[in-house]
Amino acid sequence: MAAALGGDAVGFSVVLLPECDSTNSRLLADPPPDDGRVHVLATDLQTAGRGRRGRVWQSWPGASLTFSALWRFAPGAPVPAGLSLVAGLALARALEDLGVQGVQLKWPNDVLIHGRKLAGILVELLPGRGRTPAAVIGIGINRRLPPDAGVDYPTGVTDLADCLSQPPGPGRLLGLVLVQLNRLLDIYAAAGFGALRGAWQQRNAFADLPVRILGEAEELAGICVGVDEDGALLLQTAGGVRRVLSGDVSLRVV
Ligand code: BTN
């Protein structure tokens, strides 16, 4: 991991646990003090891994890289909605650097390989008024799923063992992803999501395709025409272009 982090290593504190309930839950419940570094908690096995919309992130020993990073932003800075898209883009870039082909992003932040899910992201904001805004960015990347894993995803799942002849070890993979996160979150903090929007759209799995958005209350159908400067999904509907903010919604290809 140190080799992959290179000069970025000084900016991180990384704790590795053999097992824990959920790395996101741990960092949210007991955030490390702000010492100017990004605090990362990684584990080989989560016993209560969480996904978006109340879903579960299933774990088996060695099956996935699961970690969370506590990112603090400049005092007074809003933690904007595009954060989870930036995390997805960072993950995509790290995977591309490793030689993974066909990396695509499914709004807001699943990473797909030729339509099948390789990785998921759960961003949660750290509550507390008056403190430096902070977010826990939780990432799960399938490395080698058991053959009988049976992970439920509409278009199927994949793992790195299926994408690469020589998949990286968990340490190197973690280091490469952290370097990309560092790079892109710096750009994001300075210039907003607009500076990364083009790169995200190049990898948009549903560009110009008919999709349905399943929300808590309503369902929207339209053509996915991209994302805007805030990271909201733009949907061309019969009634015009609708903005969909990342939240409790789920996107399905029609
Ligand atoms: C999703 O696909 O719905 C998001 C999955 C996020 C899983 C990661 S694994 C590390 C971190 N800890 C958790 O409990 N969840 C995230």
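We count ligands from 1, going down the list as the structure has it; atoms in each ligand are counted the same way.
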Taking all heavy atoms of Arg242 and all of Leu220, pick out the closest pair and write down the distance. NH1-CD2, 3.5 Å
Contact summary for Asp44 and Gly62, nearest pair of heavy atoms: OD1-N, 3.3 Å
Under 3.5 Å, is there a donor-acceptor pair between the Arg50 and Ser25 side chains? yes
Check each protein residue for a heavy atom under 4.0 Å from ligand 1 and list those that pass, ordered by chain and number. Ser22, Thr23, Asn24, Gln46, Gly49, Arg50, Gly51, Arg52, Trp57, Thr66, Phe67, Ser68, Asp110, Lys117, Gly120, Ile121, Leu122, Gly138, Ile139, Gly140
The reported gap from CG in Leu83 to CG in Leu184 (rounded to nearest 0.5 angstrom) is 11.0 Å
Would you say Phe73 and Leu181 are hydrophobically clustered, going by side-chain heavy atoms of ILVMFWY under 4.5 Å? yes
Identify the residue among Asp159, Asp110, Asp162 that makes a salt bridge (Lys or Arg N to Asp or Glu O under 4.0 Å) with Lys117. Asp110
